[in-house]
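Just so it is clear: chains get the letters A, B, ... in the order the sequence lines come, proteins before strands, and each one is counted from 1. Values below: every heavy atom of this structure, side chains too, minus hydrogens, waters and symmetry copies.
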Amino acid sequence: MHTSEGSIFYRKIILAAVLFLFWIVLTSTLVPVNIVLGAICSAFTASVSAAILGRVLDPQITLGVILRLPIFAVRLGWEIVKANYDVAKIIINPKLPIDPRITEYRTYLPGDLPKTVFANSITLTPGTVTLKIEDDKLYVHCLAAHHEEGLHEGKLERMVAYLFGVRKDA
Amino acid sequence: MHNYLLAVAIIIALNAFICLYRAVRGPTIQDRVLGVNIVGTKTLITIVLITYIFSEVHFLDIAMVYALLNFVVTVAVSRYLETEGWREAG
Amino acid sequence: MKKFFSLLFIAALAILLLYVVSNMPGMGEEDVPTRQNVIPRYLENAEEETGTENVITGVILNYRGYDTMGEVTVIFTGLAAVIAIIGRERRGKNYAYTDLSEIASSVIVRIAIIFLAPLILLFSFYTILHGDVSPGGGFQGGAIIGASLIIFTTIFGLWESTSRIPQKLRFPLEGAALLSFFSVGAIGIIGGGNFLTYTLPRLTTSLQPAVRTWLTLLVEIGIGVGGAMVFISILFALLREEGGVVGY
Amino acid sequence: MMARDIIAGILCAVGTFFFILGTTGLLRLPDVFSRLHPSTKCDTLGGCSVLIGLMVHSGFSFDTLKLLLIVAFLLVSSATCGHAIGRSAFVKGIPIWKKGLEREE
(Lines give C-alpha, C1' and ligand atoms only; values in the text may rest on other atoms or scores of the structure.)
Protein backbone atom coordinates (compact mmCIF):
# COMPACT_ATOMS: atom_id res chain seq x y z
CA MET A 1 0.00 0.00 0.00
CA HIS A 2 2.14 2.86 -1.22
CA THR A 3 0.10 5.99 -1.00
CA SER A 4 1.30 9.45 -1.76
CA GLU A 5 0.00 12.63 -0.16
CA GLY A 6 -2.08 13.44 -3.21
CA SER A 7 -3.99 10.19 -3.32
CA ILE A 8 -4.79 10.46 0.42
CA PHE A 9 -6.21 13.90 -0.25
CA TYR A 10 -8.37 12.56 -3.08
CA ARG A 11 -9.61 9.70 -0.96
CA LYS A 12 -10.52 12.17 1.78
CA ILE A 13 -12.59 14.11 -0.75
CA ILE A 14 -14.30 10.93 -1.95
CA LEU A 15 -15.06 9.96 1.66
CA ALA A 16 -16.52 13.43 2.26
CA ALA A 17 -18.71 13.04 -0.85
CA VAL A 18 -20.00 9.67 0.34
CA LEU A 19 -20.70 11.12 3.78
CA PHE A 20 -22.52 14.03 2.15
CA LEU A 21 -24.84 11.60 0.34
CA PHE A 22 -25.39 9.85 3.68
CA TRP A 23 -26.25 13.22 5.23
CA ILE A 24 -28.79 14.00 2.49
CA VAL A 25 -30.43 10.63 3.05
CA LEU A 26 -30.50 11.22 6.81
CA THR A 27 -31.95 14.72 6.75
CA SER A 28 -34.22 13.92 3.76
CA THR A 29 -34.56 17.58 2.74
CA LEU A 30 -32.85 19.71 0.12
CA VAL A 31 -33.08 23.09 1.89
CA PRO A 32 -29.99 25.26 1.19
CA VAL A 33 -29.18 25.66 4.90
CA ASN A 34 -29.16 21.90 5.22
CA ILE A 35 -26.85 21.41 2.25
CA VAL A 36 -24.37 23.94 3.63
CA LEU A 37 -24.46 22.33 7.08
CA GLY A 38 -24.07 18.90 5.46
CA ALA A 39 -21.06 20.00 3.43
CA ILE A 40 -19.37 21.43 6.53
CA CYS A 41 -20.20 18.39 8.65
CA SER A 42 -19.11 15.81 6.09
CA ALA A 43 -15.82 17.59 5.42
CA PHE A 44 -15.21 17.86 9.15
CA THR A 45 -16.12 14.20 9.74
CA ALA A 46 -13.87 13.06 6.91
CA SER A 47 -10.86 14.93 8.28
CA VAL A 48 -11.54 13.95 11.89
CA SER A 49 -12.04 10.27 11.10
CA ALA A 50 -8.93 10.30 8.93
CA ALA A 51 -7.01 11.74 11.88
CA ILE A 52 -8.48 9.37 14.46
CA LEU A 53 -8.53 6.15 12.44
CA GLY A 54 -5.18 6.90 10.80
CA ARG A 55 -6.40 5.92 7.37
CA VAL A 56 -8.97 6.94 4.80
CA LEU A 57 -11.00 4.60 2.59
CA ASP A 58 -9.15 1.40 1.80
CA PRO A 59 -7.09 1.77 -1.40
CA GLN A 60 -8.51 -1.54 -2.59
CA ILE A 61 -11.83 0.13 -3.29
CA THR A 62 -11.60 1.09 -6.91
CA LEU A 63 -14.22 2.16 -9.43
CA GLY A 64 -14.41 -1.40 -10.75
CA VAL A 65 -15.25 -2.74 -7.30
CA ILE A 66 -18.10 -0.27 -6.92
CA LEU A 67 -19.44 -1.17 -10.38
CA ARG A 68 -19.27 -4.89 -9.66
CA LEU A 69 -20.84 -4.48 -6.21
CA PRO A 70 -24.53 -4.77 -7.32
CA ILE A 71 -23.87 -8.07 -9.15
CA PHE A 72 -22.03 -9.36 -6.10
CA ALA A 73 -24.85 -8.19 -3.82
CA VAL A 74 -27.48 -10.03 -5.88
CA ARG A 75 -25.45 -13.24 -5.94
CA LEU A 76 -24.73 -12.98 -2.22
CA GLY A 77 -28.42 -12.36 -1.56
CA TRP A 78 -29.31 -15.54 -3.42
CA GLU A 79 -26.70 -17.45 -1.42
CA ILE A 80 -28.15 -16.05 1.82
CA VAL A 81 -31.64 -17.20 0.84
CA LYS A 82 -30.30 -20.69 0.09
CA ALA A 83 -28.42 -20.67 3.41
CA ASN A 84 -31.57 -19.84 5.27
CA TYR A 85 -33.52 -22.60 3.54
CA ASP A 86 -30.78 -25.00 4.60
CA VAL A 87 -30.62 -23.87 8.22
CA ALA A 88 -34.42 -23.79 8.39
CA LYS A 89 -34.58 -27.45 7.33
CA ILE A 90 -32.13 -28.37 10.09
CA ILE A 91 -33.87 -26.40 12.82
CA ILE A 92 -37.38 -27.58 11.98
CA ASN A 93 -36.29 -31.23 11.79
CA PRO A 94 -37.27 -32.79 15.15
CA LYS A 95 -34.14 -34.98 15.13
CA LEU A 96 -31.84 -31.95 14.82
CA PRO A 97 -29.41 -33.55 12.32
CA ILE A 98 -26.28 -31.57 13.14
CA ASP A 99 -22.66 -32.62 13.35
CA PRO A 100 -20.70 -29.48 14.25
CA ARG A 101 -17.02 -29.27 13.48
CA ILE A 102 -14.34 -26.61 13.16
CA THR A 103 -12.43 -26.61 9.90
CA GLU A 104 -9.47 -24.61 8.65
CA TYR A 105 -9.50 -22.88 5.32
CA ARG A 106 -6.65 -21.19 3.50
CA THR A 107 -7.59 -18.30 1.29
CA TYR A 108 -5.57 -16.78 -1.50
CA LEU A 109 -7.27 -13.39 -1.24
CA PRO A 110 -4.74 -10.63 -0.54
CA GLY A 111 -5.25 -7.66 1.76
CA ASP A 112 -7.48 -7.06 4.74
CA LEU A 113 -10.59 -5.83 2.97
CA PRO A 114 -11.17 -8.82 0.63
CA LYS A 115 -10.54 -11.16 3.55
CA THR A 116 -13.09 -9.29 5.63
CA VAL A 117 -15.69 -9.39 2.88
CA PHE A 118 -14.99 -13.10 2.38
CA ALA A 119 -15.24 -13.88 6.11
CA ASN A 120 -18.50 -11.97 6.46
CA SER A 121 -19.93 -13.72 3.39
CA ILE A 122 -18.98 -17.05 4.96
CA THR A 123 -20.77 -16.02 8.14
CA LEU A 124 -23.91 -15.16 6.19
CA THR A 125 -24.05 -18.30 4.02
CA PRO A 126 -24.78 -22.01 4.47
CA GLY A 127 -24.18 -23.27 7.98
CA THR A 128 -20.77 -21.69 8.42
CA VAL A 129 -19.51 -19.02 10.83
CA THR A 130 -15.99 -17.57 10.73
CA LEU A 131 -14.53 -17.86 14.21
CA LYS A 132 -11.00 -16.61 13.83
CA ILE A 133 -8.78 -15.23 11.13
CA GLU A 134 -4.99 -15.50 11.23
CA ASP A 135 -3.19 -14.07 8.23
CA ASP A 136 -4.62 -16.23 5.44
CA LYS A 137 -5.97 -19.02 7.61
CA LEU A 138 -9.64 -18.98 8.58
CA TYR A 139 -11.15 -21.11 11.34
CA VAL A 140 -14.71 -21.85 10.31
CA HIS A 141 -17.42 -23.51 12.38
CA CYS A 142 -19.62 -25.74 10.22
CA LEU A 143 -23.00 -27.02 11.29
CA ALA A 144 -22.93 -30.26 9.27
CA ALA A 145 -20.64 -32.21 6.96
CA HIS A 146 -22.15 -30.99 3.69
CA HIS A 147 -21.57 -27.38 4.76
CA GLU A 148 -17.88 -28.09 5.11
CA GLU A 149 -17.79 -29.59 1.63
CA GLY A 150 -19.70 -26.60 0.27
CA LEU A 151 -17.13 -24.27 1.82
CA HIS A 152 -14.18 -26.16 0.33
CA GLU A 153 -15.70 -25.97 -3.15
CA GLY A 154 -14.64 -22.30 -3.02
CA LYS A 155 -17.64 -20.77 -4.74
CA LEU A 156 -17.83 -17.83 -2.34
CA GLU A 157 -14.12 -17.23 -2.66
CA ARG A 158 -14.48 -16.99 -6.43
CA MET A 159 -17.30 -14.50 -5.97
CA VAL A 160 -15.19 -12.28 -3.70
CA ALA A 161 -12.22 -12.66 -6.03
CA TYR A 162 -14.45 -11.53 -8.89
CA LEU A 163 -15.57 -8.52 -6.82
CA PHE A 164 -12.02 -7.36 -6.16
CA GLY A 165 -10.63 -8.46 -9.51
CA VAL A 166 -8.11 -10.89 -8.00
CA ARG A 167 -6.60 -13.83 -9.92
CA LYS A 168 -5.88 -17.04 -8.09
CA ASP A 169 -2.21 -17.32 -9.10
CA ALA A 170 -1.55 -13.62 -8.66
CA MET B 1 -52.67 -3.03 6.29
CA HIS B 2 -52.09 -1.24 9.59
CA ASN B 3 -53.60 -4.06 11.58
CA TYR B 4 -51.47 -6.51 9.66
CA LEU B 5 -48.29 -4.57 10.44
CA LEU B 6 -49.38 -4.35 14.06
CA ALA B 7 -49.78 -8.14 14.18
CA VAL B 8 -46.32 -8.61 12.67
CA ALA B 9 -44.85 -6.19 15.22
CA ILE B 10 -46.51 -8.01 18.10
CA ILE B 11 -45.27 -11.41 16.91
CA ILE B 12 -41.72 -10.10 16.58
CA ALA B 13 -41.89 -8.47 20.01
CA LEU B 14 -43.06 -11.78 21.51
CA ASN B 15 -40.15 -13.47 19.75
CA ALA B 16 -37.76 -10.98 21.33
CA PHE B 17 -39.29 -11.76 24.69
CA ILE B 18 -38.69 -15.50 24.19
CA CYS B 19 -35.09 -14.77 23.18
CA LEU B 20 -34.60 -13.21 26.60
CA TYR B 21 -34.59 -16.78 27.90
CA ARG B 22 -31.17 -17.28 26.27
CA ALA B 23 -29.94 -13.99 27.70
CA VAL B 24 -31.00 -14.94 31.22
CA ARG B 25 -30.33 -18.67 31.21
CA GLY B 26 -27.43 -19.06 28.73
CA PRO B 27 -24.74 -21.28 30.26
CA THR B 28 -21.84 -19.17 28.98
CA ILE B 29 -21.48 -15.39 28.91
CA GLN B 30 -21.22 -15.54 25.11
CA ASP B 31 -24.72 -17.02 25.05
CA ARG B 32 -25.98 -14.06 27.01
CA VAL B 33 -24.30 -11.58 24.69
CA LEU B 34 -25.80 -13.41 21.72
CA GLY B 35 -29.24 -13.30 23.33
CA VAL B 36 -28.96 -9.58 23.95
CA ASN B 37 -27.77 -9.01 20.38
CA ILE B 38 -30.73 -10.92 18.95
CA VAL B 39 -33.19 -9.06 21.17
CA GLY B 40 -31.61 -5.85 19.87
CA THR B 41 -32.10 -6.85 16.23
CA LYS B 42 -35.73 -7.74 16.86
CA THR B 43 -36.33 -4.50 18.72
CA LEU B 44 -34.85 -2.61 15.78
CA ILE B 45 -37.28 -4.24 13.38
CA THR B 46 -40.17 -3.60 15.78
CA ILE B 47 -39.26 0.10 15.94
CA VAL B 48 -39.22 0.30 12.14
CA LEU B 49 -42.64 -1.37 12.02
CA ILE B 50 -43.96 1.08 14.61
CA THR B 51 -42.72 3.90 12.38
CA TYR B 52 -45.11 2.77 9.68
CA ILE B 53 -47.95 1.90 12.03
CA PHE B 54 -48.03 5.40 13.52
CA SER B 55 -46.71 7.15 10.36
CA GLU B 56 -44.06 8.89 12.50
CA VAL B 57 -41.08 9.21 10.18
CA HIS B 58 -38.79 10.45 12.96
CA PHE B 59 -38.78 7.02 14.58
CA LEU B 60 -36.47 5.79 11.81
CA ASP B 61 -33.68 7.83 13.41
CA ILE B 62 -34.26 6.01 16.67
CA ALA B 63 -34.09 2.71 14.80
CA MET B 64 -30.72 3.73 13.34
CA VAL B 65 -29.40 4.68 16.78
CA TYR B 66 -30.56 1.31 18.04
CA ALA B 67 -28.75 -0.51 15.24
CA LEU B 68 -25.55 1.44 15.92
CA LEU B 69 -25.63 0.89 19.66
CA ASN B 70 -26.43 -2.80 19.24
CA PHE B 71 -23.30 -3.17 17.14
CA VAL B 72 -21.20 -1.14 19.57
CA VAL B 73 -22.37 -3.11 22.60
CA THR B 74 -21.80 -6.52 21.05
CA VAL B 75 -18.36 -5.73 19.68
CA ALA B 76 -17.16 -4.02 22.85
CA VAL B 77 -18.40 -6.74 25.18
CA SER B 78 -17.01 -9.55 22.99
CA ARG B 79 -13.65 -7.82 22.87
CA TYR B 80 -13.70 -7.46 26.64
CA LEU B 81 -14.60 -11.13 27.06
CA GLU B 82 -11.75 -12.37 24.90
CA THR B 83 -9.08 -10.19 26.57
CA GLU B 84 -10.45 -10.69 30.07
CA GLY B 85 -7.94 -12.34 32.37
CA TRP B 86 -4.94 -12.14 30.01
CA ARG B 87 -2.90 -10.54 32.79
CA GLU B 88 -3.45 -13.40 35.20
CA ALA B 89 -2.59 -15.92 32.52
CA GLY B 90 0.72 -14.13 32.00
CA MET C 1 -41.28 -22.44 50.63
CA LYS C 2 -39.23 -19.27 50.47
CA LYS C 3 -39.82 -19.15 46.72
CA PHE C 4 -43.54 -19.53 47.25
CA PHE C 5 -43.62 -16.58 49.64
CA SER C 6 -41.65 -14.39 47.30
CA LEU C 7 -44.00 -15.30 44.47
CA LEU C 8 -46.96 -14.50 46.69
CA PHE C 9 -45.41 -11.16 47.60
CA ILE C 10 -44.81 -10.31 43.95
CA ALA C 11 -48.39 -11.26 43.05
CA ALA C 12 -49.78 -9.10 45.83
CA LEU C 13 -47.58 -6.20 44.74
CA ALA C 14 -48.70 -6.65 41.14
CA ILE C 15 -52.37 -6.62 42.14
CA LEU C 16 -51.86 -3.50 44.25
CA LEU C 17 -50.04 -1.68 41.45
CA LEU C 18 -52.59 -2.70 38.83
CA TYR C 19 -55.37 -1.45 41.12
CA VAL C 20 -53.62 1.89 41.53
CA VAL C 21 -52.99 2.18 37.80
CA SER C 22 -56.61 1.36 36.98
CA ASN C 23 -57.70 4.31 39.14
CA MET C 24 -55.43 6.74 37.34
CA PRO C 25 -56.91 8.92 34.60
CA GLY C 26 -56.38 7.45 31.18
CA MET C 27 -53.49 8.48 29.00
CA GLY C 28 -54.22 11.53 26.89
CA GLU C 29 -57.60 12.35 28.48
CA GLU C 30 -58.71 15.91 28.94
CA ASP C 31 -58.86 15.98 32.73
CA VAL C 32 -55.34 14.73 33.43
CA PRO C 33 -53.70 17.18 35.88
CA THR C 34 -50.65 17.66 33.69
CA ARG C 35 -52.81 18.80 30.81
CA GLN C 36 -54.44 21.57 32.78
CA ASN C 37 -51.70 24.06 33.50
CA VAL C 38 -48.43 24.29 31.69
CA ILE C 39 -48.57 21.66 28.96
CA PRO C 40 -51.13 23.41 26.73
CA ARG C 41 -48.99 26.51 26.67
CA TYR C 42 -45.91 24.47 25.72
CA LEU C 43 -47.77 22.68 22.98
CA GLU C 44 -49.41 25.76 21.55
CA ASN C 45 -46.73 28.41 21.83
CA ALA C 46 -43.46 26.48 21.85
CA GLU C 47 -42.92 26.69 18.14
CA GLU C 48 -43.17 30.47 17.89
CA GLU C 49 -41.74 31.29 21.31
CA THR C 50 -38.61 29.15 21.07
CA GLY C 51 -38.19 28.76 17.33
CA THR C 52 -37.87 24.98 17.49
CA GLU C 53 -40.14 22.49 15.80
CA ASN C 54 -39.48 19.79 18.39
CA VAL C 55 -41.34 20.85 21.52
CA ILE C 56 -39.11 18.77 23.78
CA THR C 57 -36.02 20.65 22.65
CA GLY C 58 -37.87 23.89 23.24
CA VAL C 59 -38.77 22.82 26.76
CA ILE C 60 -35.30 21.54 27.58
CA LEU C 61 -33.33 24.43 26.16
CA ASN C 62 -35.67 27.33 26.69
CA TYR C 63 -38.46 27.00 29.22
CA ARG C 64 -36.42 24.83 31.52
CA GLY C 65 -32.98 26.07 30.58
CA TYR C 66 -31.85 26.29 34.19
CA ASP C 67 -32.86 22.68 34.68
CA THR C 68 -30.73 21.61 31.71
CA MET C 69 -27.84 23.64 33.03
CA GLY C 70 -28.18 21.64 36.24
CA GLU C 71 -28.08 18.42 34.23
CA VAL C 72 -24.90 19.49 32.49
CA THR C 73 -23.50 20.25 35.93
CA VAL C 74 -24.39 16.71 37.00
CA ILE C 75 -22.30 15.30 34.16
CA PHE C 76 -19.45 17.55 35.25
CA THR C 77 -19.85 16.35 38.83
CA GLY C 78 -19.45 12.79 37.55
CA LEU C 79 -16.22 13.76 35.81
CA ALA C 80 -15.04 15.64 38.90
CA ALA C 81 -15.72 12.61 41.08
CA VAL C 82 -13.79 10.29 38.78
CA ILE C 83 -10.89 12.73 38.58
CA ALA C 84 -10.90 13.30 42.34
CA ILE C 85 -10.36 9.59 42.89
CA ILE C 86 -8.10 8.72 39.95
CA GLY C 87 -6.62 12.06 38.94
CA ARG C 88 -5.88 13.67 35.63
CA GLU C 89 -2.98 12.82 33.39
CA ARG C 90 0.02 14.96 34.32
CA ARG C 91 2.76 16.10 32.07
CA GLY C 92 6.08 14.31 32.38
CA LYS C 93 4.56 11.35 34.19
CA ASN C 94 4.36 7.87 32.74
CA TYR C 95 1.22 5.81 32.64
CA ALA C 96 0.63 2.20 31.82
CA TYR C 97 -2.46 1.35 29.90
CA THR C 98 -4.42 -1.69 30.91
CA ASP C 99 -5.20 -2.89 27.44
CA LEU C 100 -1.76 -3.98 26.29
CA SER C 101 -3.39 -7.22 25.31
CA GLU C 102 -1.46 -10.05 23.74
CA ILE C 103 -4.58 -11.09 21.90
CA ALA C 104 -4.58 -9.06 18.71
CA SER C 105 -7.93 -7.65 17.70
CA SER C 106 -9.74 -9.28 14.82
CA VAL C 107 -9.11 -8.00 11.30
CA ILE C 108 -12.80 -8.33 10.45
CA VAL C 109 -13.97 -6.23 13.38
CA ARG C 110 -11.26 -3.66 12.74
CA ILE C 111 -12.19 -3.24 9.08
CA ALA C 112 -15.90 -3.08 9.91
CA ILE C 113 -15.23 -0.36 12.47
CA ILE C 114 -13.03 1.60 10.08
CA PHE C 115 -15.95 1.55 7.65
CA LEU C 116 -18.67 2.35 10.14
CA ALA C 117 -16.89 4.88 12.36
CA PRO C 118 -17.25 7.85 9.94
CA LEU C 119 -20.92 7.02 9.52
CA ILE C 120 -21.44 6.85 13.28
CA LEU C 121 -19.62 10.16 13.72
CA LEU C 122 -21.70 11.85 11.02
CA PHE C 123 -24.86 10.39 12.50
CA SER C 124 -24.00 11.89 15.86
CA PHE C 125 -23.50 15.31 14.24
CA TYR C 126 -26.88 14.88 12.59
CA THR C 127 -28.43 14.05 15.96
CA ILE C 128 -26.88 17.14 17.55
CA LEU C 129 -27.73 19.58 14.76
CA HIS C 130 -31.26 18.37 14.16
CA GLY C 131 -32.30 18.36 17.78
CA ASP C 132 -34.88 21.02 16.96
CA VAL C 133 -36.76 19.08 14.29
CA SER C 134 -36.23 15.42 15.17
CA PRO C 135 -35.81 13.26 18.26
CA GLY C 136 -32.35 13.83 19.59
CA GLY C 137 -30.22 16.73 20.67
CA GLY C 138 -27.00 17.55 22.38
CA PHE C 139 -27.00 14.91 25.10
CA GLN C 140 -27.94 12.07 22.78
CA GLY C 141 -25.46 13.05 20.09
CA GLY C 142 -22.71 13.39 22.67
CA ALA C 143 -23.52 9.93 23.98
CA ILE C 144 -23.24 8.51 20.45
CA ILE C 145 -19.81 10.13 19.99
CA GLY C 146 -18.80 8.62 23.33
CA ALA C 147 -20.02 5.18 22.22
CA SER C 148 -18.08 5.34 18.97
CA LEU C 149 -14.95 6.24 20.95
CA ILE C 150 -15.57 3.26 23.25
CA ILE C 151 -15.39 0.79 20.37
CA PHE C 152 -12.40 2.59 18.97
CA THR C 153 -10.66 2.22 22.32
CA THR C 154 -11.55 -1.44 22.74
CA ILE C 155 -10.20 -2.38 19.33
CA PHE C 156 -7.22 -0.09 18.83
CA GLY C 157 -6.06 0.30 22.40
CA LEU C 158 -6.08 3.08 24.89
CA TRP C 159 -2.61 4.40 24.20
CA GLU C 160 -3.50 5.15 20.64
CA SER C 161 -6.80 6.75 21.57
CA THR C 162 -5.27 9.04 24.16
CA SER C 163 -2.56 10.11 21.74
CA ARG C 164 -5.10 10.81 19.01
CA ILE C 165 -7.37 12.77 21.33
CA PRO C 166 -4.88 14.40 23.71
CA GLN C 167 -5.81 16.07 26.94
CA LYS C 168 -4.67 19.36 25.45
CA LEU C 169 -7.64 19.09 23.10
CA ARG C 170 -10.12 17.58 25.52
CA PHE C 171 -9.63 19.98 28.40
CA PRO C 172 -10.89 23.16 26.72
CA LEU C 173 -13.74 21.38 24.95
CA GLU C 174 -15.10 19.85 28.15
CA GLY C 175 -16.25 23.26 29.26
CA ALA C 176 -18.05 23.87 25.97
CA ALA C 177 -21.41 22.81 27.34
CA LEU C 178 -21.54 25.12 30.32
CA LEU C 179 -19.75 27.90 28.47
CA SER C 180 -22.22 27.94 25.58
CA PHE C 181 -25.08 27.96 28.05
CA PHE C 182 -23.71 30.86 30.05
CA SER C 183 -22.70 32.94 27.05
CA VAL C 184 -25.98 32.49 25.20
CA GLY C 185 -27.86 33.18 28.43
CA ALA C 186 -25.82 36.29 28.94
CA ILE C 187 -26.69 37.46 25.42
CA GLY C 188 -30.33 37.36 26.52
CA ILE C 189 -29.55 39.50 29.56
CA ILE C 190 -27.60 42.01 27.50
CA GLY C 191 -30.52 42.19 25.09
CA GLY C 192 -32.71 43.37 27.93
CA GLY C 193 -34.60 40.14 28.46
CA ASN C 194 -34.32 37.27 30.88
CA PHE C 195 -31.55 34.72 31.08
CA LEU C 196 -31.79 32.31 28.14
CA THR C 197 -34.43 34.26 26.26
CA TYR C 198 -32.27 34.21 23.13
CA THR C 199 -32.96 37.81 22.20
CA LEU C 200 -30.46 40.14 20.67
CA PRO C 201 -30.66 43.88 21.26
CA ARG C 202 -32.33 46.05 18.65
CA LEU C 203 -33.21 43.31 16.22
CA THR C 204 -36.11 43.64 13.92
CA THR C 205 -38.84 41.23 14.88
CA SER C 206 -38.67 39.45 11.54
CA LEU C 207 -35.12 38.32 12.27
CA GLN C 208 -35.95 37.16 15.79
CA PRO C 209 -37.07 33.53 15.09
CA ALA C 210 -34.03 32.75 12.94
CA VAL C 211 -31.70 34.10 15.64
CA ARG C 212 -33.44 31.96 18.24
CA THR C 213 -33.11 28.86 16.09
CA TRP C 214 -29.41 29.42 15.52
CA LEU C 215 -28.69 30.18 19.15
CA THR C 216 -30.54 27.03 20.18
CA LEU C 217 -28.36 25.18 17.68
CA LEU C 218 -25.26 26.71 19.25
CA VAL C 219 -26.29 25.53 22.70
CA GLU C 220 -26.99 22.06 21.29
CA ILE C 221 -23.53 21.87 19.73
CA GLY C 222 -21.98 23.04 22.99
CA ILE C 223 -23.82 20.39 25.00
CA GLY C 224 -22.95 17.69 22.46
CA VAL C 225 -19.22 18.42 22.30
CA GLY C 226 -18.92 19.01 26.04
CA GLY C 227 -20.85 15.88 26.94
CA ALA C 228 -18.86 13.73 24.50
CA MET C 229 -15.55 15.00 25.87
CA VAL C 230 -16.67 14.36 29.45
CA PHE C 231 -17.68 10.79 28.55
CA ILE C 232 -14.35 10.20 26.83
CA SER C 233 -12.38 11.64 29.74
CA ILE C 234 -14.22 9.39 32.21
CA LEU C 235 -13.52 6.37 29.97
CA PHE C 236 -9.81 7.17 29.70
CA ALA C 237 -9.48 7.90 33.41
CA LEU C 238 -11.13 4.60 34.34
CA LEU C 239 -8.97 2.49 32.01
CA ARG C 240 -5.66 4.07 32.95
CA GLU C 241 -3.08 2.82 35.41
CA GLU C 242 -0.29 4.79 36.92
CA GLY C 243 3.40 4.14 37.19
CA GLY C 244 4.21 2.11 34.12
CA VAL C 245 5.91 2.74 30.85
CA VAL C 246 4.13 4.59 28.12
CA GLY C 247 3.48 2.66 24.97
CA TYR C 248 3.50 -0.94 23.99
CA MET D 1 -55.88 -3.64 -1.55
CA MET D 2 -53.14 -3.01 -4.04
CA ALA D 3 -50.60 -5.37 -5.53
CA ARG D 4 -47.94 -3.42 -3.62
CA ASP D 5 -49.62 -4.17 -0.31
CA ILE D 6 -49.87 -7.86 -1.15
CA ILE D 7 -46.15 -8.09 -1.96
CA ALA D 8 -45.33 -6.18 1.23
CA GLY D 9 -47.57 -8.50 3.23
CA ILE D 10 -45.92 -11.60 1.82
CA LEU D 11 -42.43 -10.23 2.52
CA CYS D 12 -43.40 -9.33 6.08
CA ALA D 13 -44.87 -12.79 6.62
CA VAL D 14 -41.66 -14.41 5.33
CA GLY D 15 -39.63 -12.19 7.64
CA THR D 16 -41.77 -13.11 10.64
CA PHE D 17 -41.42 -16.79 9.77
CA PHE D 18 -37.63 -16.49 9.75
CA PHE D 19 -37.68 -14.60 13.04
CA ILE D 20 -39.68 -17.40 14.64
CA LEU D 21 -37.22 -19.86 13.13
CA GLY D 22 -34.29 -17.92 14.58
CA THR D 23 -35.87 -17.97 18.02
CA THR D 24 -36.51 -21.71 17.77
CA GLY D 25 -32.93 -22.32 16.72
CA LEU D 26 -31.63 -20.17 19.53
CA LEU D 27 -33.55 -22.26 22.04
CA ARG D 28 -32.96 -25.70 20.50
CA LEU D 29 -29.35 -25.86 19.37
CA PRO D 30 -26.82 -27.37 21.76
CA ASP D 31 -23.91 -24.94 22.17
CA VAL D 32 -22.93 -21.33 21.63
CA PHE D 33 -21.21 -21.95 18.28
CA SER D 34 -24.22 -23.60 16.70
CA ARG D 35 -26.50 -20.96 18.18
CA LEU D 36 -24.58 -18.39 16.18
CA HIS D 37 -25.97 -19.88 12.96
CA PRO D 38 -29.67 -19.02 13.43
CA SER D 39 -28.76 -15.64 14.90
CA THR D 40 -26.57 -14.55 12.00
CA LYS D 41 -28.61 -16.03 9.18
CA CYS D 42 -32.27 -16.17 10.11
CA ASP D 43 -32.33 -12.82 11.88
CA THR D 44 -30.51 -11.09 9.06
CA LEU D 45 -32.79 -12.49 6.38
CA GLY D 46 -35.90 -11.96 8.51
CA GLY D 47 -34.99 -8.37 9.23
CA CYS D 48 -34.03 -7.60 5.64
CA SER D 49 -37.23 -9.20 4.39
CA VAL D 50 -39.45 -7.15 6.69
CA LEU D 51 -37.55 -3.97 5.83
CA ILE D 52 -37.78 -4.60 2.08
CA GLY D 53 -41.48 -5.31 2.54
CA LEU D 54 -41.88 -1.94 4.23
CA MET D 55 -39.89 -0.31 1.42
CA VAL D 56 -42.35 -1.75 -1.08
CA HIS D 57 -45.26 -0.72 1.12
CA SER D 58 -44.22 2.90 1.55
CA GLY D 59 -43.26 3.61 -2.05
CA PHE D 60 -40.24 5.63 -3.05
CA SER D 61 -39.14 8.53 -0.86
CA PHE D 62 -36.17 9.56 1.25
CA ASP D 63 -37.40 7.21 3.97
CA THR D 64 -36.97 4.30 1.58
CA LEU D 65 -33.30 5.23 1.24
CA LYS D 66 -33.05 5.35 5.02
CA LEU D 67 -34.51 1.85 5.20
CA LEU D 68 -31.99 0.72 2.58
CA LEU D 69 -29.25 2.17 4.76
CA ILE D 70 -30.57 0.20 7.73
CA VAL D 71 -30.60 -2.97 5.60
CA ALA D 72 -26.96 -2.47 4.58
CA PHE D 73 -26.03 -1.71 8.16
CA LEU D 74 -27.85 -4.82 9.40
CA LEU D 75 -25.96 -7.02 6.91
CA VAL D 76 -22.56 -5.71 7.98
CA SER D 77 -23.24 -5.49 11.68
CA SER D 78 -24.92 -8.86 12.21
CA ALA D 79 -22.13 -10.71 10.39
CA THR D 80 -19.50 -8.81 12.33
CA CYS D 81 -21.30 -9.31 15.64
CA GLY D 82 -21.64 -13.05 15.01
CA HIS D 83 -17.94 -13.24 14.24
CA ALA D 84 -17.03 -11.20 17.33
CA ILE D 85 -19.05 -13.40 19.67
CA GLY D 86 -17.79 -16.60 18.03
CA ARG D 87 -14.22 -15.40 18.23
CA SER D 88 -14.49 -14.51 21.89
CA ALA D 89 -15.87 -17.99 22.62
CA PHE D 90 -13.17 -19.65 20.48
CA VAL D 91 -10.29 -17.68 22.01
CA LYS D 92 -11.60 -18.45 25.50
CA GLY D 93 -11.50 -22.16 24.61
CA ILE D 94 -15.13 -23.06 25.10
CA PRO D 95 -15.38 -26.66 23.84
CA ILE D 96 -17.55 -27.31 20.82
CA TRP D 97 -20.47 -29.72 20.97
CA LYS D 98 -19.85 -33.06 19.25
CA LYS D 99 -22.34 -35.64 18.11
CA GLY D 100 -23.42 -37.98 20.90
CA LEU D 101 -22.76 -35.55 23.72
CA GLU D 102 -25.44 -34.45 26.12
CA ARG D 103 -27.15 -31.19 25.17
CA GLU D 104 -26.01 -28.19 27.14
CA GLU D 105 -29.16 -26.38 28.17
TODO: Using the test salt bridge (charged side-chain N to carboxylate O under 4.0 Å, His left out), find all partners of A:K115 that sit at least two apart in sequence or belong to another chain.
DONE: none

Task: Flag side-chain contact, heavy atom, 4.5 Å: A:L37 against A:W23 - done: yes

- [ ] Look at the aromatic rings of C:F125 and A:F44 and report parallel, tilted or perpendicular, splitting at 30° and 60°.
- [x] tilted

Open item on the list: Any heavy-atom pair between the side chains of A:L138 and A:F118 that's under 4.5 Å?
Closed with: yes

TODO: Select one option (side chain, backbone, both, neither) describing which atoms of A:I133 are under 4.5 Å from chain C's heavy atoms.
DONE: side chain

Task: Residue A:V33 versus chain C: region with a heavy atom under 4.5 Å - done: side chain

Open item on the list: For the interface with chain A, which of C:L121, C:V109, C:L122, C:I113 has the highest count of heavy-atom pairs at distances below 4.5 Å?
Closed with: C:L122

